[in-house]
Amino acid sequence: MVHNFIYYTPTKVVFGKNTEKETGKLVREQGCQKVLIVYGGGSVVRSGLLDRVKEVLTEAEVAFIELGGVVPNPHLSKVYEGIDAAKKFGAQLILAVGGGSVIDTAKAIGYGVANEGDVWDFYDFKRQPKACLPIGVVLTIAATGSEMSDSSVITKEEGGLKRACNTNLARPVFAVMNPELTETLPDYQTACGCSDIIMHTLERYFTNGDKMEITDALAKGVIQTTMQQAVILRDNPKDYDARAEVLWTGSLSHNGLTGCGNTNNDFASHRLEHEIGGMFDVAHGAGLTAIWGSWARYVYKDCLPRFHKFAVDVMGIIDQGSAEEVALKGIAAMEAFFTSIKMPTNLHQLGINPTEEQLKILAHKCSITTHDNLGSAKVLHEADMLAIYQAANQ
Ligand code: NZQ
Ligand code: ZN
């Protein structure tokens, strides 16, 4: 049976070459004249994008201040800095020029300005935000889908706590998506981004409960297209059409489309990865591929029809032998793909060597943030989380 669902995607997407020129108009459409521009470690300065955005804002008579220096796995301290600056300036909209880390910081600032009290409460499960300033995006990487998603992921430096706050309030009001802007990405970040896109789709695919054929078909399209285009980009990073394909699959993979009609989503690999990112500051997409195979082998028997369908329908495995054998071949094929685009499939390849004690801390933290009840393919508890971390650390 098809599960009831709400599909809410309020983001106006403006896609294609030179679309950053529309940014001033898009801000004005929101009735806003004062914005805080948020950006990262400097790629948008070096590419000239930031100057171009500032120029079109000025032309549209939009006043702005800037907050640069957002790091990957973005920090809470930068969020506080942004909240102070935005309040003093009277910002009416937060404009993220960058990737997921910048967008998530913009969302957190939006929450902090629009609500009383400590913004971390929303990431620490203490309170729910009641409002958020409008968020606009000029996207520079195909990866998280944050440009259309309800999610913001922030790391509190003290304790390395990487946590998400998910509400529809923070879905961006507009997203400017020019594939050319992603051509300056390092190859590693391109591959990390493509992996994240695939993972957002898999997290909604491997679930127990109701399903919808159209959703499976869309998920298959997103996964296969991203895999094909990731290989094209590995060999030719300047391929505009491939850049465009993954820029759009990125948004579709995390705006809710590939979960419609499914009872649950899983997101265990994501939650396991977030703890790794909080402790070791790794690139999110690489952290995901490093853990996914270990997770999949741990849970597949509890979600066998889906793993079998994935193997045959998505990965093109011949349906011969037992369902378990076919499912395992599907998992191996996905891992082989990750390897082919130079992504890690274990923690050592990710560049970290956690001690047994650190693995226990990761599992314990993950258990706390998930109330010791994680996933849908198989519900995981702390001992399961530890077993998966250990398997990924072999
Ligand atoms: O900081 P700059 O100098 O801009 O460099 C960035 C950064 O070093 C660089 N980069 C981005 N666009 C570029 C570029 N370099 C050259 N040319 C460009 N066009 O890439 C590096 C990574 O940037 P980042 O924003 O961290 O990448 P991504 O978009 O993968 O975001 C990752 C963060 O988002 C979270 C992750 O956990 C992680 O913290 N996620 C957010 C989600 C959401 N809000 O919906 C969902 C995801 O599952 C994820 O958890
Ligand atoms: Zn992700």
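By convention here, the first residue in the shown sequence is residue 1. Both ligands and their constituent atoms are indexed starting at 1 by order of listing.
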Subject >> Per-atom contacts, ligand 1 versus Pro74 - under 4.0 Å to a heavy atom >> reply: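 With Pro74 as reference, the close atoms of ligand 1 come out as 39 (O).
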**OP:** For Pro72, counting its heavy atoms only, list the atoms of ligand 1 lying under 4.0 Å from any of them.
**Re:**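 By the 4.0 Å cutoff, the relevant atoms are 7 (C), 8 (O), 26 (O).
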Subject >> Polar protein atoms (N, O or S) that approach the Zn ion (ligand 2) to under 2.8 Å >> reply: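 Under 2.8 Å from the Zn ion (ligand 2) - ignoring waters, which are not counted - the protein N, O or S atoms are Asp196 OD1, His200 NE2, His270 NE2, His284 NE2.
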[atom]: which of [options] has the nearest heavy atom?
{"atom": "atom 46 (C) of ligand 1", "options": "His270, His254, Met199, Glu180", "value": "His254"}
{"atom": "atom 11 (C) of ligand 1", "options": "Thr140, Thr144, Asn166", "value": "Thr140"}
{"atom": "atom 45 (O) of ligand 1", "options": "Gly99, Gly100, Ser149", "value": "Ser149"}

**OP:** Measure centre to centre between the rings of Trp295 and Tyr298, then say whether the value is under 6.0 Å.
**Re:**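 They do not qualify: ring centres at least 6.0 Å apart.
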**OP:** Check whether the side chains of Thr249 and Thr226 place a donor and an acceptor atom closer than 3.5 Å, and report yes or no.
**Re:**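 Distance-only check passes for Thr249 and Thr226.
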[X] N/O under 3.5 Å from ligand 1 N/O:
{"X": "Glu273", "answer": "no"}
{"X": "Asp104", "answer": "yes"}
{"X": "Pro186", "answer": "no"}
{"X": "Thr184", "answer": "yes"}

Subject >> Set of side-chain contact (heavy atoms from CB on, under 4.5 Å) partners for Pro237, sequence neighbours left out >> reply: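 Testing Pro237 for side-chain contact (heavy atoms from CB on, under 4.5 Å), a comparison that skips the adjacent residues, returns Asp187, Arg243.
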